[in-house]
Structure formats: C-alpha cells, structure tokens
Amino acid sequence: MAQADLVRYDVADRVALITVNDPERRNAVTAAMSAQLRAAVQRAEADPAVHAVVVTGAGKAFCAGADLSALGAAAEQGLLELYDGFMAVGACSLPTIAAVNGAAVGAGLNLALAADVRIAGPAALFDARFQKLGLHPGGGATWMLQRAVGVQAARAALLFGMRFDAEAAVRHGLALQVADDPVAAALELAAGPAAAPREVVVATKATMRATASPGALDTDQHQSAMRTELGPQAASTQSPEFAARLAAAQRRRP
C-alpha cells in the first residue's frame, strides 16, 4: 500500500471521518501512519466547516497496535513518532468519537482511549497487551485507562491482562454503547455538535478539559503521563526478553 493511503479523510455533514487504512496489516501503527493521522486531525481542526471527528479502522480491526518491527527498533524518538497520531486525537479541540469496529490492541487501545467517546461494534476487543509482550505501557496508557475505567479495572488490564469485549467495555465505562454499525452510530452521535455553532462546541470541550481536574488541562496530564512512561517503555523495547517475545510474535503473524 502506498504510504499516502495509510489514513483516509472524508467530510460529510460537518463531520470528518478519519480511517486508519492498512487492513492487510490490521492497521498496525507505523511512524508514517501516525504522521498522517496527526495531519488529518489538524486538517479537521483547521476547517471551519468541520464540527466533530470520528476515527475508525479499515477492515476487520480497529488498530492492532504498533507495527512490531518498528517497535523493536524504537528508542525514545521512535516511540514519540509512533505516539504522535493518537496524541493528536487526544489533544484535538473538536469532539472526537472512536468507532471501534474490531480489535484495539496496545497502541490501538491508546488510539481508542484518546477519543472523547468510544462506540463498540459487536467484534470490538479492547486489549492492552503491553505486559504480555514484555513491554512497559506507553503513550499515556496508564493515565488514559485509569481515567476511562477506574483504578481497579485499569490495573486488571495492565497488570493482569484483562481484556474487554464490547459488552464488558460498556459495563466498565470504556465504551458508551454497542452498535452493529459503530461508524453509523458514531456519525449519528456526531450530528449533535455538527448542528451546533462551532465556537460553542470548541469552547464547551475546552471548558470540560479545564474543569475535569481544576488546575491542569487534561491534555497536559496526558502529556505528563506519556513523558513519565517514555523512559521505561524505551528501556523495555531494548530488553532481551522483549526481543525474544517480538521474534515469536512475528513468527506467528501471517
């Protein structure tokens, strides 16, 4: 697939639909995809005709995590490049919805968590999987997951390998609802901000960020969490245990 096609961008009825688009590789995140995702988010923010953003994945997966070969070679700067796309979603000034059509694993879970709201398809699966790979969580995953599901469920996911199917995601507050067509449901939900004055939508989201934890914007908290995790995750990517697990995982992939 040409690198120019790794992220699709479409606008209809004042809603931007951003699709990570490498279905043969289950939309695994590379630096190139991440850069295109940030560009798509910035394009939406810069367009006064766009009032909301929906993010989804092409094919059966939402996003199967970071590309394993890229992850194995990543030091801190490489990790920052892989994080860049979902960090842009997390910082987006417009309302964001993740239409999680399939597996959201590792960095793919981070992408889903970065959105304001998640709608799960019947085949959705939210799986941190960092520890299973011998990898420290990154990209602000520890903060985002605790914010989404609370401390106990977040620790169950990150320390004990708990996964959330669609129904469990709703029970734990990780997803708003289950929908047979999560993209259609997300677009329907996005019709709310699409019909409102853009300046009111943007101001409301900014105020919610400022009042969620008075004294610090949630975007600042996300950046701080990402920086806190960066060193330990970079160190874990260089460990012999991670290299062995990475090689085994690559052998299992078709």
(message) Test of understanding: clusters of I, L, V, M, F, W, Y form through side-chain heavy atoms closer than 4.5 Å, transitively. Do V183 and V41 belong to the same one?
(response)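 The answer is no; the residues belong to distinct hydrophobic clusters.
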
(message) Let's go through N21 and L6 carefully: what are the C-alpha distance in whole Å and the side-chain angles of both, what is the deciding distance for side-chain contact (heavy atoms from CB on, under 4.5 Å) to 0.1 Å, and is it a yes or a no?
(response) CA-CA 5 Å; N21 183 41; L6 291 173; 5.8 Å; no

Heavy-atom pair with the smallest gap, counting every atom of [X] and [Y]:
X    : Y    : value
Y9   : I18  : CD1-CG1, 3.9 Å
R198 : L94  : NH2-CD2, 3.7 Å
D127 : L109 : C-CD2, 4.0 Å
A52  : P193 : CB-CG, 3.8 Å
A225 : W143 : CB-CB, 3.5 Å
A107 : V29  : CB-CG2, 4.5 Å

Does the side chain of [Y] come within less than 4.5 Å of [X]'s, by heavy atoms?
X    : Y    : answer
R129 : R163 : yes
L176 : I97  : no
P95  : V201 : yes
M87  : R38  : yes
N110 : L145 : no
T204 : V200 : yes
T30  : R25  : yes
V15  : V54  : yes

Distance check, rounded to the nearest 0.5 Å: [X] atom [atom1] versus [Y] atom [atom2]?
X    : Y    : atom1 : atom2 : value
M226 : Q221 : CE    : CD    : 14.0 Å
L125 : F62  : CG    : CZ    : 12.5 Å
N101 : I119 : CG    : CD1   : 12.0 Å
R209 : K205 : CZ    : NZ    : 4.5 Å
R26  : D67  : CZ    : CG    : 13.5 Å
F126 : H172 : CZ    : NE2   : 12.0 Å

Looking at [X] and [Y], would you say the former's side chain and the latter's main chain have a donor-acceptor pair under 3.5 Å?
X    : Y    : answer
S236 : H136 : yes
T56  : A99  : yes
E81  : A31  : no
Q146 : V151 : no
S34  : L82  : yes
E188 : A184 : no
H51  : R14  : no
R118 : A115 : yes
Q36  : V7   : yes
D116 : T96  : yes

(request) Starting from M208, walk the hydrophobic network (Ile, Leu, Val, Met, Phe, Trp, Tyr; side-chain heavy atoms closer than 4.5 Å) and list everyone else you reach, by chain and number. (result)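 In the cluster with M208 there is nothing else; it is isolated.
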
(request) Would you tell me whether E229 and Y83 have side-chain atoms, one donor and one acceptor, within less than 3.5 Å of each other? (result) no

(message) I'd like to know if D218 pairs up with R147 as an ion pair, taking the criterion as any Lys NZ or Arg NE/NH1/NH2 lying under 4.0 Å from an Asp or Glu carboxylate oxygen.
(response)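 Result for this pair is yes, salt bridge flagged.
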
